[in-house]
Amino acid sequence: MKILKILITAAVMLFGLACKEVKQKEQSEKTIEMELISSDNYTTFKVSDHVELYKVTFSNQYKMEISGHLFIPKNLDRKVKHPAIIVGHPMGAVKEQSADVYASNMADRGFITLAIDLSFWGESAGEPRNAVAPDIYAEDFSAAVDFLGTRSFVDREKIGIIGVCGSGSFVISAAKIDPRMKAIATVSMYDMGAANRNALNHSQTLEQRKLIIADAAQQRYIEFIGGETKYTSGTVHQLDENTHPIQREFFDFYRSPRGEYTPKGGSPETTTHPTLSSNTKFMNFYPFNDIETISPRPMLFITGDQAHSKEFSEDAYKRAAEPKELYYIKAAGHVDLYDKTDLIPFDKLESFFKAHLK
């Protein structure tokens, strides 16, 4: 009788586990979508004939829908698990701008890759549009790991990540508390916290910072009672004789056929511009604090030797623990590494991820 009770109990437990697995599978199929699409409608990147492109959606931990482009090599055996790489776009951009360039080229080299829109940007959820929320941005990368790590053809122990420009600081923030990110690379990184607190080369005074914070705080009253949303920073829409060289660099990408892209439901007038009232969230963002805790996972910092932003990669490299590498691209500026495939060191990225996602 005792043996019979044990057998019955075991059978009930197995039945419960089976039901749970079915429920989880149904939930996964219900909340995650994959749609094979053509890259012909996009103008800022090219996809090799050897790669398939899928539009995907999945939820982050806050039940916000994240949109992404999943690139899969056509000759990949989907019955076997493979390494994968997540790619984040520059701050104020969308996945079609730069992130897809990296994702498509790395897929052409044999990797499964996923370029995502951060929450509040592009096709991902979040209101108001263009809001700044660095903690949620970091969460989006962890959600991308959730997505990839539950694909039957992805090895969840071999997931790497690339952050371009502002996303470089977001992926570092994410990797500090998500050990599932096994190898981290940044390109033309901006520390969005330091950039907003101090400006480039620490050129902003404390008094100037306080004025920015005060303006943003007053704007909250206006928006709270239904007033007009204001936007800040981002890329200028016209050039004149007084336009700063750095703004000209961004203009050449974001306001020209080279990289201009307005996501569905967006407006050309607001692309790249965060909301004024939320942008001060970056003042409390310190992604490089505790960066050494990412070790022993490897970190690769790539920057142009002429980049106005190289101070951030150099700072992160100095603070990080081994294994780490700071890699300079000769004669390259900051925006050059957004899309200029003759300058982007894809060979270096390929060797880095093949060595550390094996």
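Owing to the predicted nature of the structure, the values given are computational and were not obtained by experimental measurement.
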I'd like to know if the side chain of [X] and the backbone of [Y] have a donor-acceptor N/O pair within less than 3.5 Å.
{"X": "Ser278", "Y": "Ala131", "result": "no"}
{"X": "Asp336", "Y": "Gly333", "result": "yes"}
{"X": "Gln218", "Y": "Asp215", "result": "no"}
{"X": "Asn60", "Y": "Glu139", "result": "no"}
{"X": "Gln204", "Y": "Asn196", "result": "yes"}
{"X": "Lys281", "Y": "Asp135", "result": "no"}
{"X": "Lys182", "Y": "His356", "result": "no"}
{"X": "Ser173", "Y": "Ala138", "result": "no"}
{"X": "Glu249", "Y": "Val335", "result": "yes"}
{"X": "Gln247", "Y": "Gly234", "result": "yes"}

With no hydrogens and no angle check, just 3.5 Å: does a side-chain donor-acceptor pair link [X] and [Y]?
{"X": "Asp117", "Y": "Ser124", "answer": "no"}
{"X": "Gln219", "Y": "Tyr221", "answer": "no"}
{"X": "Arg209", "Y": "Asn198", "answer": "yes"}
{"X": "Ser277", "Y": "Glu223", "answer": "yes"}
{"X": "Arg129", "Y": "Thr229", "answer": "no"}
{"X": "Thr150", "Y": "Arg156", "answer": "no"}
{"X": "Ser98", "Y": "Asp339", "answer": "no"}
{"X": "Asn201", "Y": "Ser203", "answer": "no"}
{"X": "Asn130", "Y": "Thr275", "answer": "no"}
{"X": "Ser267", "Y": "Glu269", "answer": "yes"}

Over all atoms of both residues, closest heavy-atom pair of [X] and [Y]:
{"X": "Ser233", "Y": "Pro274", "answer": "OG-CD, 3.4 Å"}
{"X": "Thr113", "Y": "Ala103", "answer": "OG1-O, 2.8 Å"}
{"X": "Ile302", "Y": "Ser313", "answer": "O-OG, 4.1 Å"}
{"X": "Thr271", "Y": "Pro268", "answer": "OG1-O, 3.3 Å"}
{"X": "Gly259", "Y": "Gln97", "answer": "O-NE2, 2.8 Å"}
{"X": "Asp305", "Y": "Lys310", "answer": "O-NZ, 3.1 Å"}

For a 4.5 angstrom cut-off between non-hydrogen side-chain atoms, does [X] reach [Y]?
{"X": "Asp252", "Y": "Arg258", "result": "yes"}
{"X": "Cys165", "Y": "His334", "result": "yes"}
{"X": "Tyr102", "Y": "Leu337", "result": "yes"}
{"X": "Ile172", "Y": "Phe170", "result": "no"}
{"X": "Asp108", "Y": "His50", "result": "yes"}
{"X": "Ile85", "Y": "Ile162", "result": "yes"}
{"X": "Leu300", "Y": "Leu349", "result": "yes"}
{"X": "Phe250", "Y": "Thr272", "result": "no"}

Report the C-alpha separation of Asp49 and Lys74 in whole Å, then their side-chain angles, then the decisive distance to 0.1 Å, and conclude whether the salt bridge (Lys or Arg N to Asp or Glu O under 4.0 Å) test is met.
-> CA-CA 9 Å; Asp49 292 337; Lys74 288 182 178 179; 5.9 Å; no

Connected via hydrophobic side-chain network under 4.5 Å: [X] and [Y]:
{"X": "Leu200", "Y": "Met189", "result": "yes"}
{"X": "Tyr231", "Y": "Phe282", "result": "no"}
{"X": "Phe285", "Y": "Ile213", "result": "no"}
{"X": "Leu206", "Y": "Ile212", "result": "no"}
{"X": "Phe141", "Y": "Tyr62", "result": "yes"}

For the aromatic rings, using the six-membered ring if either is Trp, is the centroid distance between [X] and [Y] under 6.0 Å?
{"X": "Phe111", "Y": "His82", "result": "no"}
{"X": "Tyr327", "Y": "Tyr317", "result": "no"}
{"X": "His308", "Y": "Tyr190", "result": "yes"}

Take Val101 and Thr341 through the side chain to side chain contact (heavy atoms under 4.5 Å, CB included) test and state the conclusion after the steps.
-> CA-CA 8 Å; Val101 174; Thr341 54; 4.0 Å; yes

Any chance you could lay out the side chain to side chain contact (heavy atoms under 4.5 Å, CB included) test for Tyr286 and Arg197, step after step, and finish with the verdict?
-> CA-CA 10 Å; Tyr286 293 83; Arg197 285 188 298 274; 3.3 Å; yes

Verdict with supporting geometry, Lys354 and Glu350, salt bridge (Lys or Arg N to Asp or Glu O under 4.0 Å) | CA-CA 6 Å; Lys354 281 187 173 178; Glu350 179 181 0; 2.7 Å; yes

Walk me through it: do Glu292 and Asp290 pass the test side chain to side chain contact (heavy atoms under 4.5 Å, CB included)?
-> CA-CA 5 Å; Glu292 70 278 5; Asp290 297 326; 3.9 Å; yes

Any chance you could lay out the salt bridge (Lys or Arg N to Asp or Glu O under 4.0 Å) test for Lys95 and Glu123, step after step, and finish with the verdict?
-> CA-CA 9 Å; Lys95 61 185 178 299; Glu123 296 178 297; 2.6 Å; yes

Give me the other members of the hydrophobic cluster that Phe251 sits in, counting Ile, Leu, Val, Met, Phe, Trp and Tyr linked by side-chain heavy atoms under 4.5 Å, directly or via other members.
->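 Via sub-4.5 Å side-chain contacts, Phe251 links to Val236, Leu239.
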
Decide yes or no on salt bridge (Lys or Arg N to Asp or Glu O under 4.0 Å) for Lys340 and Asp342, but give the supporting numbers first.
-> CA-CA 5 Å; Lys340 293 185 177 179; Asp342 58 325; over 6 Å; no

Distance from Leu114 atom CG to Ile72 atom CD1, nearest 0.5 Å?
->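 It comes to 10.0 Å.
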
Using the test side chain to side chain contact (heavy atoms under 4.5 Å, CB included), find all partners of Ala175 that sit at least two apart in sequence or belong to another chain.
->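 Expected list: Met181, Ile184, Ile294, Arg297.
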
Give a yes/no verdict on a cation-pi contact between Arg78 and Phe153, requiring under 6.0 Å between NZ or CZ and the six-membered ring centre and an angle within 45° of the axis.
->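 Yes, a cation-pi geometry holds between Arg78 and Phe153.
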
If you draw the axis of the six-membered ring of Phe147, does the NZ or CZ of Arg151 fall within 45° of it and under 6.0 Å from the ring centre?
->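 Checked: cation-pi criterion met.
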
Taking it one step at a time, do Thr57 and Glu35 satisfy side chain to side chain contact (heavy atoms under 4.5 Å, CB included)?
-> CA-CA 9 Å; Thr57 57; Glu35 176 189 356; over 6 Å; no

Do the ring planes of Tyr254 and Tyr338 sit parallel (below 30°), tilted (30 to 60°) or perpendicular (above 60°)?
->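 Answer is perpendicular, since the angle exceeds 60°.
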
Please say whether more than 12 non-hydrogen atoms of neighbouring residues, nucleotides or ligands are located less than 6.0 Å from CZ in Arg319.
->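 More than 12 heavy atoms, drawn from other residues, nucleotides or ligands, come within 6.0 Å of this atom.
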
